[in-house]
**Student:** 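Submitted below is the structure of interest, expressed as C-alpha cells.
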2 protein chains.
Amino acid sequence: MIRVAIFEDNFLLRESLFQLVNGTAGLICAGAFANSDNLIYNISKTYPDVVLMDIKMPGKTGIESVLILHDQFPKIKVIMQTVVDDEDKIFASICNGASGYLLKNTPPATLLQSIVEVFEGGAPMTPIIAQKVLEKFRKQSGPTLKEFNNLSNRENEILECLVEGMSYKMIAAARNISIDTVRFHIRNIYEKLHVNSKSEAVVKAMRSKTG
Amino acid sequence: MIRVAIFEDNFLLRESLFQLVNGTAGLICAGAFANSDNLIYNISKTYPDVVLMDIKMPGKTGIESVLILHDQFPKIKVIMQTVVDDEDKIFASICNGASGYLLKNTPPATLLQSIVEVFEGGAPMTPIIAQKVLEKFRKQSGPTLKEFNNLSNRENEILECLVEGMSYKMIAAARNISIDTVRFHIRNIYEKLHVNSKSEAVVKAMRSKTG
DNA sequence: CTGTGTCCTACATGTTTATGCAGTTGACTA
DNA sequence: TAGTCAACTGCATAAACATGTAGGACACAG
C-alpha cells in the first residue's frame, strides 16, 4: 500500500486527486492539503511515501516545500505538478530534491502509474520536461576535468570517478574491473600527484579544472 | 506520417519492431537495418523523422552512430534502446545527442507513444533512467547553497580543513580538539550536506565555491 | 626475441573513516 | 530556573582505505 499526500490549493483539483488516488488499488491518500503552511506537522501525521506537490501555492511554494521535505524526510518521494513548463522552476525543483515532474494535463492513468514508478525509485517526467532537462544536462556536461598528461587514460578515468565521490567498490562496479585493480590505479595516481589520500587527490584534481 | 528507421542487430526483434511500427496509424517504417555500417547512406535513402537505435550492435555502436546522426542530420530524433541501464552509456548517448532512452522491456504501446512524443519534441525516458539522469544532474548543478548556510561556524571550519586534505588526526591537532570531536562535527556535516564520505563532502564544498 | 609500458588481479596488514550510543559543559533563553 | 543548544569528549565496531608484495596478459619498439 503506497501512502500518498496531496498539496494543491485548487479545491476541485485537490478533491478529484483525492478521489482518484483512493479509488485505486494499492494506493491510499493519507492526506490532502491546500498549502504547505503546516508542512512538517502534516507530513509527520500522515507519513506518506509519495507526495504530489503543486508548484504554485499561496504561502510556501512547492519549491521551498520540496527542499524542506528532502531535508527532513529524505525517504519521501516528491512529484511536482505544474501547469506551465517554466525551466527555472523545474531545475530548482530538481536541485531541491524532486523525483518526478508532471504537467497538470497528465492523464489520470499516467499520473497513477507515475506514483507507483516514483515509489519504486524511478523518475517519471513529462517528456517535454525531460527534454529540457536533457538539454541543460548536455550543456553542463562539457569538458569536466583537465586531463593530467602525466596520468594514463585509465588513471584519468579513475580519477574522475574519485571526483564523483565514488568508493572503490562503486568504481570497480562502474568500470567493470576488480577492486584490487582500482587500488592499483589509485596507488599510481597518488604517486604521480604526490598525495596519499582520496580527498587530497580529489582536491588536486578539482583545482586543476579547465578554465 | 512519422517516418521511422530501426537499427537493431537482433533479427526477430527488428522484424517485430518493423511490424509494430507499420501496423500503427500515423507511423511508417522507412527502413530496418542490422547495423549502422552504411549509416549515412541508409539514412539519406530513407530520410526518417525518428530513429530507434539499439545501443549495442556489432560494428559501429549506437553511441557512435547517434553522434554521427546528430552531426549530419540534426533534425532527426533518436531514441536509444538498451537491455541494461549502464550509466556511462546512457550519459554518453545523451551527450551525443539522443533524445530518448528506453529499456527494451518497454511495452509496445509505450514505445509507440514515445516515438510520437520524441517527434513532437519531447524526451521520453524509462523512469529508472530518468532517475539516473536527475541524480547526475543534481550533482553537477552544485548543491543548494542553503545547505551550507545550515553549517555552524565550527562545522565550516572543519569542512575547510577537509578541503585542505587533512586527516582527522591532523585536524584535531590543528584545531586543538580531540579526534572524537572532529568525528562528531564531521558526522553533522555529512548529515547536513547529505553525503557519507570525506571525498563527497570535499567535492560538494569545492563545487559550491566555484559556483 | 626481448624489453618496456599499460592494464589487470590477488593477498596481507595496518590505518583511517563512518556511524551508533552515551554523556559533559557553558551560554543563552523561555 | 529549567530547558535548549552548540561544542565537546569518549568508546565500540564495521567498513573503507593505503600500501607492500607478487605476479599474468598483451601490445609495440628495438
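The structure presented is a predicted model; accordingly, all values stated were derived computationally and were not measured. Side chains are part of it too, since the values below use all heavy atoms of this structure and drop only hydrogens, waters and symmetry mates. Here is the naming used below: chain letters follow the sequence lines, and residue numbers restart at 1 for every chain.
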**Student:** Between B:Arg154 and B:Glu157, is the salt bridge (charged side-chain N to carboxylate O under 4.0 Å, His left out) condition met? List the steps.
**Tutor:** CA-CA 5 Å; B:Arg154 199 56 165 176; B:Glu157 209 175 303; 2.8 Å; yes

**Student:** Rounded to whole angstrom units, what separation is found between the CD1 atom of B:Ile177 and the C1' atom of C:dG26?
**Tutor:**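 Taking CD1 of B:Ile177 and C1' of C:dG26, I get 17 Å after rounding.
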
**Student:** Please round to the nearest 0.5 Å and tell me the distance separating atom CD1 of A:Ile179 and atom NZ of A:Lys169.
**Tutor:**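 The CD1 atom of A:Ile179 sits 7.0 Å away from the NZ atom of A:Lys169.
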
**Student:** Decide yes or no for A:Met206 and A:Val163: does some side-chain heavy atom of the first lie under 4.5 Å from some side-chain heavy atom of the second?
**Tutor:**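 Heavy-atom side-chain distance check passes, below 4.5 Å.
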
**Student:** Do any side-chain nitrogens or oxygens of A:Thr181 fall under 4.0 Å of OP1 or OP2 in C:dT9?
**Tutor:**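 For A:Thr181, the contact criterion (side-chain N or O under 4.0 Å from OP1 or OP2 of C:dT9) is met.
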
**Student:** Which nucleotide in the set C:dT9, C:dA10, C:dA18 lies at the smallest distance from any side-chain heavy atom of B:Ile186?
**Tutor:**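 Closest of the options to the side chain of B:Ile186: C:dA18.
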
**Student:** Got a second to check how far A:Thr46's OG1 is from A:Phe33's CZ, nearest 0.5 Å?
**Tutor:**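 Spacing of OG1 (A:Thr46) from CZ (A:Phe33) equals 4.5 Å.
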
**Student:** For the helix from C:dC1-D:dG30 to C:dA30-D:dT1, figure out the bend between the end axes, five pairs an end, and round to 10 degrees.
**Tutor:**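 Between the axes fitted at each end of the helix from C:dC1-D:dG30 to C:dA30-D:dT1 lies an angle of 30°.
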
**Student:** Measure from CD1 on B:Ile189 to C1' on C:dT19 and round the result to the nearest Å.
**Tutor:**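 Going from CD1 in B:Ile189 over to C1' in C:dT19 covers 15 Å.
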
**Student:** Taking the nucleotide of DNA chain D with the nearest heavy atom to each, does A:Arg187 or A:Ile179 sit closer to the 5' end?
**Tutor:**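 First, find each residue's nearest nucleotide; the 5'-ward one identifies A:Ile179.
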
**Student:** Tell me: NE2 of B:His185 to P of C:dT19, nearest whole Å?
**Tutor:**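 Rounded to whole Å, this separation is 17 Å.
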
**Student:** Start at the 5' end of DNA chain C and walk down; is the nucleotide closest to A:Lys192 or to A:Arg183 reached first?
**Tutor:**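 So the residue in question is A:Lys192.
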
**Student:** Judged by each residue's nearest nucleotide on DNA chain D, which is more toward the 5′ side, B:Ser178 or A:Met166?
**Tutor:**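 The residue whose closest nucleotide sits nearer the 5' end is B:Ser178.
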
**Student:** Please list, in 5' to 3' order, the outermost nucleotides of DNA chain D lying under 4.0 Å from any heavy atom of chain A.
**Tutor:**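 It runs D:dA16 to D:dT21.
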
**Student:** Output the rounded distance in Å from CG (A:Asn176) to P (C:dT9).
**Tutor:**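 Interatomic distance, CG of A:Asn176 to P of C:dT9: 9 Å.
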
**Student:** To the nearest 0.5 Å, what is the distance between CG on A:Asp88 and OG on A:Ser93?
**Tutor:**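 Those atoms lie 10.5 Å apart.
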
**Student:** Heavy atoms under 4.0 Å, any strand shown: does B:Asn196 hit a base, just sugar-phosphate, or nothing?
**Tutor:**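 If one applies the 4.0 Å heavy-atom cut-off, B:Asn196 turns out to touch the sugar-phosphate alone, with no base involved.
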
**Student:** Take atom CG of A:Leu159 and atom P of C:dC7, then tell me their distance rounded to the nearest Å.
**Tutor:**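 From A:Leu159 CG to C:dC7 P: 14 Å.
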
**Student:** Over how many whole Å does the gap from A:Phe184 atom CZ to C:dT6 atom C1' extend?
**Tutor:**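 Checked: the CZ to C1' distance equals 7 Å.
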
**Student:** Name each donor-acceptor pair under 3.5 Å that joins a side chain in residues 97-104 of chain A to protein atoms two or more places apart or in another chain, with its distance.
**Tutor:**
unit_1, atom_1, unit_2, atom_2, d
A:Lys104, NZ, A:Glu8, OE1, 3.0
A:Lys104, NZ, A:Asp54, OD1, 3.1
A:Lys104, NZ, A:Asp54, OD2, 3.3

**Student:** Kindly give the heavy-atom pair with the smallest separation between A:Tyr168 and A:Ile186, and that separation in Å.
**Tutor:**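 Closest approach of A:Tyr168 to A:Ile186, heavy atoms only: CE1-CD1, 3.5 Å.
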
**Student:** Nearest to the side chain of B:Tyr168, heavy atoms from C-beta on, is which of C:dA18, C:dT16, C:dT9?
**Tutor:**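 So the nucleotide nearest the side chain must be C:dA18.
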
**Student:** So does A:Lys192 have more than 12 non-hydrogen atoms from other groups sitting under 6.0 Å from NZ?
**Tutor:**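 Check passes, neighbour count above 12.
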
**Student:** Can you tell me how far P of C:dT16 sits from CD1 of B:Ile171, to the nearest Å?
**Tutor:**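 After rounding, the reported distance stands at 13 Å.
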
**Student:** Taking OP1 and OP2 of C:dA18, is either one under 4.0 Å from a side-chain nitrogen or oxygen of B:Tyr190?
**Tutor:**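 So the side chain of B:Tyr190 is within the cut-off, an N or O lying under 4.0 Å from OP1 or OP2 of C:dA18.
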
**Student:** Just how far is it from atom CZ of A:Phe91 to atom CD1 of A:Ile129, taken to the nearest 0.5 Å?
**Tutor:**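 A:Phe91 CZ to A:Ile129 CD1: 10.0 Å, rounded to 0.5 Å.
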
**Student:** Mind calculating the distance between CG (A:Asp180) and P (C:dC7) to the nearest angstrom?
**Tutor:**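 Rounding to the nearest Å, CG of A:Asp180 and P of C:dC7 are 17 Å apart.
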
**Student:** Give a yes or no answer on whether the side chain of A:Asp9 reaches the backbone of A:Met57 with a donor-acceptor pair at less than 3.5 Å.
**Tutor:**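 Checking the backbone N and O of A:Met57 against the side chain of A:Asp9, no donor-acceptor pair under 3.5 Å is found.
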
